[in-house]
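Notes for the one structure printed next.
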Protein chains: 2
Amino acid sequence: MAATRPSNPLALAVLVLLWERPMHPYEMSSTLRERRKEDSIKLNYGSLYSVVESLQKRGLIEAAETVREGRRPERTIYAITEIGAQIMVDWMVELLSTPKKEFTQFEAALSLAGALPPEQVTELLAQRLRNLHFHQTAADAILAEAAAVRMPRLFMIEAEFSQALLKAELAFVEQLLAELRAGSLSGFAMWQRMHELRRAGVPPEEIEAKLGVEFADDLAFAQDDHALADDEGAT
Amino acid sequence: MAATRPSNPLALAVLVLLWERPMHPYEMSSTLRERRKEDSIKLNYGSLYSVVESLQKRGLIEAAETVREGRRPERTIYAITEIGAQIMVDWMVELLSTPKKEFTQFEAALSLAGALPPEQVTELLAQRLRNLHFHQTAADAILAEAAAVRMPRLFMIEAEFSQALLKAELAFVEQLLAELRAGSLSGFAMWQRMHELRRAGVPPEEIEAKLGVEFADDLAFAQDDHALADDEGAT
DNA sequence: GTTCGAATACTCGACTTCGAGTATTCGCCT
DNA sequence: AGGCGAATACTCGAAGTCGAGTATTCGAAC
């Protein structure tokens with residue numbers, strides 16, 4: 001039986017915390033909160049407890065003792081096992097060294113944006129841009145505060161990463177917006193025409209046919225890869 | 001009863017496809033594949049069928065007819081409802097206009113990287129950098145091919161976005177790596193020392209105590225925010 | 001001494017996700 | 001005429017996710 005692991009990164013956080021020292025689940029959650037790790041690792045109670053149970057079942061952690069403090073309910077203190085420590089390292093190695101496609105909601109929406117008319121998409125992206133600027137300001141403030149109290153950058157490296165991505169998204173949206181406003185994105189006219197026809201109540205098949213005629217160049221790529229490939233060979 | 005929606009973006013893709021024209025589930029999956037949308041929207045059969053069922057239960061789509069072609073098994077063709085079309089628009093509006101924190105595995109790993117010794121993390125990030133370069137080359141090739149066959153950029157805008165993020169990650173990792181190699185990231189020495197002590201078998205509490213003494217400046221920020229705030233007021 | 005909000009510490013079950021597995025059929029090659 | 005691989009079209013159940021809800025207790029103020 002190969003030692004398997006849960007898929008939720010929260011389980012990795014649990015392993016790391018227990019690698020530092022034994023703890024009970026609630027303490028894990030408050031420690032993560034204190035260290036601002038909830039900004040980079042999705043934390044919610046339901047998942048925490050089920051993840052801990054799952055780790056225990058797999059033998060990656062074990063109950064060390066149960067204590068009661070004051071008249072508080074009993075808490076189970078967990079400790080990492082040797083296998084658990086091994087798995088933790090393996091997991092970290094994988095996540096750090098091997099990039100894996102992450103699907104974002106925005107990327108999904110972008111890829112389906114053709115379903116809204118271009119004017120509306122432009123409007124919405126303008127809105128997004130304002131929101132992104134707002135988030136950036138907030139993130140800047142947090143990092144500035146950390147620098148002000150002389151917190152070592154090591155402790156917030158993930159925030160710096162997150163900010164780098166935010167900046168990249170901002171630049172992308174800004175650029176895209178400019179192209180939409182200029183109408184210079186190839187395919188734009190077809191997109192507009194398609195929505196015009198839909199608004200006029202033209203049925204799907206007819207729209208497809210009309211567009212195929214009106215925008216033959218834009219759609220040429222889809223016709224026949226063979227022919228194209230052959231052409232290239234011939235010329 | 002407010003019309004709710006499933007949370008999986010695949011459901012949004014289904015709505016958009018059915019907004020274009022009625023289809024059966026398998027056709028949805030092949031259409032998405034043809035249009036390369038599987039690169040930006042996670043597609044798997046199990047999810048597809050359960051998402052379709054969920055959409056139907058909520059009245060966002062409906063079975064239009066069931067046909068059998070040749071001797072293939074029966075297929076149910078679905079169509080979008082009016083409510084479904086409305087929800088699709090709402091959903092798109094939300095996703096495009098409002099950025100929402102997305103948790104990536106890499107960000108999680110970065111935030112926990114302290115659990116591995118700095119030398120190993122450096123090594124792993126170097127590996128990641130090589131992998132990222134490789135992925136970038138592949139992504140470039142896909143976009144170049146699209147340009148070569150004159151596919152309108154509109155159809156691959158999500159790929160451009162994805163590439164922008166990839167580029168940003170590359171730059172970040174490169175920069176971080178440089179700082180790690182130079183040992184110039186603040187907190188680096190403490191990080192090294194911590195692993196040195198662990199390797200020597202020093203127990204958790206003692207490590208914490210020792211580091212507190214040896215790296216008092218690095219850890220000053222955590223002591224007492226009040227005192228600091230007061231100091232600022234006083235000076 | 002009591003009230004009241006914040007913090008502690010979890011539970012529950014409905015909903016989602018996942019991907020490997022199954023069964024069929026088409027079309028080509030021999 | 002038969003065999004085989006690719007494509008078609010889905011099913012199933014185990015596992016994971018989620019956040020609202022519950023119950024308690026501590027501490028400070030009144």
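This one's a predicted model, so the numbers in the text were calculated from it and none came from an experiment. The sequence lines fix the lettering, A, B, ..., with proteins before strands; numbering per chain opens at 1.
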Checklist entry - How close or far is atom P of C:dT17 from atom CG of B:L55, stated in whole angstroms? => result 11 Å

Next on the checklist: What is the distance, to the nearest angstrom, from the CD1 atom on B:I77 to the P atom on D:dC10?
Outcome noted: 10 Å

Checklist entry - Who are the salt bridge (charged side-chain N to carboxylate O under 4.0 Å, His left out) partners of A:K100, not counting sequence neighbours? => result none

Could you go over nucleotides 11-16 of chain C and give all protein N or O partners under 3.5 Å, atom names and distances?
residue	atom	partner	partner atom	Å
C:dT16	OP1	B:R58	NH2	2.4

Next on the checklist: Filter on side-chain hydrogen bond (donor to acceptor under 3.5 Å, both in side chains), then keep only pairs touching residues 131-144 of chain B, sequence neighbours left out; what's left?
Outcome noted: B:D140-B:Q163

Item to check | Residues that B:F161 engages under ring pair (Phe, Tyr, Trp, His ring centres under 6.0 Å), provided they are two or more places apart | outcome: A:F106, A:F172

Item to check | Pair listing, side-chain hydrogen bond (donor to acceptor under 3.5 Å, both in side chains) test, anchored in residues 8-21 of chain B, at least two apart | outcome: B:E20-B:R35, B:R21-B:E27

Checklist outcome for this item: Expected list for residues 22-44 of chain A near DNA chain D, using heavy atoms below 4.0 Å, is A:K42, A:N44

Item to check | Non-neighbouring partners of B:E62 that pass salt bridge (charged side-chain N to carboxylate O under 4.0 Å, His left out), sequence neighbours left out | outcome: none

Item to check | Interatomic distance where CG belongs to B:L48 and P belongs to C:dG19 [whole Å] | outcome: 14 Å

Next on the checklist: Please list, in numerical order, the residues of residues 87-96 of chain B that have a heavy atom closer than 4.0 Å to any atom of DNA chain D.
Outcome noted: none

Next on the checklist: Tell me every residue that passes salt bridge (charged side-chain N to carboxylate O under 4.0 Å, His left out) with A:E102, counting only those two or more places apart in sequence or in another chain.
Outcome noted: none

Item to check | Check ion pair A:E169-A:R128 (N to O, under 4.0 angstrom) | outcome: yes

Checklist entry - Between D:dG16 atom P and B:Q105 atom CD, what is the distance in whole Å? => result 14 Å

Item to check | For B:E53, salt bridge (charged side-chain N to carboxylate O under 4.0 Å, His left out) partners two or more places apart | outcome: B:K57

Item to check | Residue pairs involving residues 82-95 of chain B (criterion salt bridge (charged side-chain N to carboxylate O under 4.0 Å, His left out); sequence neighbours excluded) | outcome: B:R5-B:E94

Checklist outcome for this item: With sequence neighbours left out, the residues meeting side-chain hydrogen bond (donor to acceptor under 3.5 Å, both in side chains) with A:S50 are none

